[in-house]
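Accompanying notes for the structure given below.
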2 protein chains.
Amino acid sequence: MGVDCHHTESAHPGLEGVALADAVAAAVNKCERTRERLTPPRRRVLELLLEADGPMKAYDLIAAYGHDGEPAKPPTVYRALDFLERLGFAHRIESLNAYVPCRMEGTSHRAAFLICECCGAAQEFEPDFAPQFAAAESAGYAVRTVTLEARGLCPACKVEA
Amino acid sequence: MGVDCHHTESAHPGLEGVALADAVAAAVNKCERTRERLTPPRRRVLELLLEADGPMKAYDLIAAYGHDGEPAKPPTVYRALDFLERLGFAHRIESLNAYVPCRMEGTSHRAAFLICECCGAAQEFEPDFAPQFAAAESAGYAVRTVTLEARGLCPACKVEA
DNA sequence: GCAAAACTGTTATGAAATAACATAACTAAA
DNA sequence: TTTAGTTATGTTATTTCATAACAGTTTTGC
Ligand SMILES: [Zn+2]
Ligand SMILES: [Zn+2]
Ligand SMILES: [Zn+2]
Ligand SMILES: [Zn+2]
C-alpha cells in the first residue's frame with residue numbers, strides 16, 4: 001500500500017490462540033450443520049486468513065501454507081478460497097486481488113469494504129443497498145451479488161496525512 | 001461470460017461513423033479545456049473502447065490496437081487506460097478485469113455497474129451512495145472513491161434463464 | 001460392496017499487469 | 001532560443017494472478 005505508511009496498528013489484528021481456535025470451531029460447527037466439508041486444505045486457508053493482520057494475496061497464502069515452510073500448489077489455495085467464499089467464510093476484495101475472512105456474524109450478507117490506501121487495512125461493514133437494489137430490479141435486472149469497495153484513508157492514516 | 005448465452009443484443013452497441021467521431025471530438029474538447037493531452041495512443045484506446053459492444057479486456061485492446069493488425073505493447077495500453085480513467089473517460093470493472101467508456105454525461109461521478117453474468121453486458125448507472133458514504137465518514141474514514149458492481153442477469157437474459 | 005460425486009495432488013500453461021530504462025516531445029523560465 | 005524540467009512514449013523483460021487438464025483419492029448414497 002502506501003510505501004510511506006508507518007501506521008502499523010491494524011483495524012483487525014490477526015487472531016491467535018483461543019480466539020483463533022474459537023473462530024475455527026465456529027466454522028467447523030457451521031459446516032457440520034450444513035453438511036459441508038471443511039477439509040484440511042480449506043481449514044488451513046481459513047486459519048491463515050484469520051491469523052493475518054489484513055488482506056492476504058493468494059500467493060501469500062500459497063507461501064504460508066505449509067507448517068514446515070513448504071508452499072502449497074496454486075490450485076490448492078484457489079480451490080479453498082472458492083469454497084470459503086461460497087460459504088461466506090471469506091471475501092475477495094477485487095480492487096486488491098486479496099482475501100479476508102468474513103467479519104460479519106450473519107449467515108448471508110452482501111460484502112462491502114472500507115479500504116485504506118495508506119496502510120492497506122480493509123474494514124468490512126454491513127451495507128444497505130436497498131436503494132440501488134430497488135433501482136436495479138425496477139430496470140429489469142435480477143441482481144445476484146453486489147460488491148462495494150470504498151477506498152480512502154482510515155482514521156489513523158488520515159491524521160498523519 | 002455465459003458460454004451458452006445467445007442474447008446478442010447489447011445494451012451499448014459500439015459507436016460507429018458520426019457517433020464515434022462526435023464522442024471522440026467531445027473528448028478532444030474536454031481535454032483542450034483542461035489542458036490535458038489526448039495523445040495518439042490515448043485517443044486510439046478511447047476509440048477502441050467506444051467502438052466495442054461491451055467491456056474490453058486490456059489484452060483485447062492490445063490485440064486490436066494497430067490499424068494494420070499489429071498489436072500494441074502492454075504498457076502502451078495500460079498507460080492509456082490509466083489516463084482515461086483519471087480523466088473520467090473510462091472505467092475499470094474490477095470483477096471483470098475489463099474496461100468500458102464512461103456513459104455518464106456529468107464531469108465527476110462515482111461509477112457503478114450492473115453486470116450481466118450471462119451476456120457480459122455492463123450497464124453504468126448513477127448510484128446514490130449517500131448512506132454508505134455518510135456511514136464511512138462518521139466512522140472516521142475519508143472516502144476518496146467508491147465502486148459498486150452488481151452482478152446478475154439483464155432483462156434479456158433473465159427471460160430465457 | 002459399488003457407483004457416482006466431490007475433493008485433492010500435480011504439471012503445465014494462460015492471462016493480467018508492471019518494472020526498468022532509454023528516448024522523444026512538450027513547456028516554461030532564463 | 002537555449003536550456004532545464006516535466007511529461008509521455010518505446011521497448012524488453014519480468015512478475016503477479018489464475019486456471020486447464022487429468023490422474024488418483026475420499027466420501028456419500030444406494
Ligand atoms: Zn463478510
Ligand atoms: Zn490506514
Ligand atoms: Zn462513468
Ligand atoms: Zn445478459
Side-chain angles (χ1 to χ4, degrees), chain A residues 1-3 27-28 31-49 55-68 70-87 89-100 120 149, chain B residues 1-3 27-28 31-32 34-49 52 55-68 70-87 89-100 120 149:
Chain A
M1 230 57 247
V3 291
V28 170
C31 285
E32 282 174 354
R33 286 198 303 277
T34 55
R35 283 192 165 68
E36 296 281 353
R37 297 164 58 190
L38 190 64
T39 57
R42 293 167 175 180
R43 178 180 171 142
R44 177 61 181 144
V45 171
L46 177 60
E47 277 176 7
L48 289 170
L49 290 175
M56 288 282 276
K57 301 265 199 178
Y59 275 71
D60 294 339
L61 296 166
I62 287 167
Y65 185 86
H67 292 285
D68 55 359
E70 276 301 298
K73 304 290 171 63
T76 300
V77 164
Y78 279 105
R79 287 165 178 161
L81 288 170
D82 287 345
F83 171 87
L84 295 172
E85 279 200 84
R86 184 162 57 78
L87 269 71
F89 291 131
H91 299 292
R92 172 179 168 82
I93 301 182
E94 296 286 350
S95 60
L96 297 178
N97 289 355
Y99 302 82
V100 291
E149 299 179 11
Chain B
M1 227 61 244
V3 291
V28 170
C31 285
E32 283 175 354
T34 56
R35 282 192 167 66
E36 295 282 354
R37 297 163 58 190
L38 190 63
T39 57
R42 292 166 175 180
R43 177 181 171 140
R44 177 61 181 146
V45 171
L46 176 59
E47 277 177 8
L48 289 170
L49 290 175
M56 290 280 277
K57 301 267 200 175
Y59 276 73
D60 294 339
L61 296 167
I62 287 165
Y65 184 86
H67 292 286
D68 56 356
E70 277 299 297
K73 305 289 173 60
T76 301
V77 164
Y78 280 104
R79 287 166 177 162
L81 289 170
D82 286 346
F83 171 85
L84 296 172
E85 280 199 86
R86 183 162 57 77
L87 269 71
F89 291 133
H91 299 293
R92 172 179 167 82
I93 302 181
E94 296 286 351
S95 62
L96 297 177
N97 290 354
Y99 302 83
V100 291
E149 299 179 9

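Chain letters run A, B, ... following the sequence lines, proteins first and then strands; every chain starts at 1.
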As a test of reading the structure: which of [options] is closest to the side chain of [X], going by heavy atoms?
X      : options                   : result
R79(B) : dA18(D), dT9(D), dT10(C)  : dT9(D)
K73(B) : dA18(D), dT11(D), dT18(C) : dT11(D)
Y59(B) : dG10(D), dA16(C), dA18(D) : dA16(C)

Integer-rounded Å distance: [N] [atom2] and [X] [atom1]:
X      : N       : atom1 : atom2 : result
I62(B) : dA16(C) : CD1   : C1'   : 9 Å
L81(A) : dT8(C)  : CG    : P     : 12 Å
R37(B) : dA24(C) : CZ    : P     : 16 Å
F83(A) : dA6(C)  : CZ    : P     : 13 Å
L38(A) : dT27(D) : CG    : P     : 14 Å
R43(B) : dT9(D)  : CZ    : C1'   : 18 Å
M56(B) : dA15(C) : CE    : P     : 15 Å
N97(A) : dT15(D) : CG    : P     : 18 Å

Is any side-chain N or O of [X] closer than 4.0 Å to OP1 or OP2 of [N]?
X      : N       : value
Y78(A) : dA18(D) : yes
R44(A) : dT8(C)  : no
R35(B) : dT27(C) : no
T39(A) : dT26(D) : no

Checklist entry - Which atom names give the shortest non-hydrogen contact between R92(A) and N97(A), and what distance separates them? => result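 That would be NH2-OD1, 3.1 Å.
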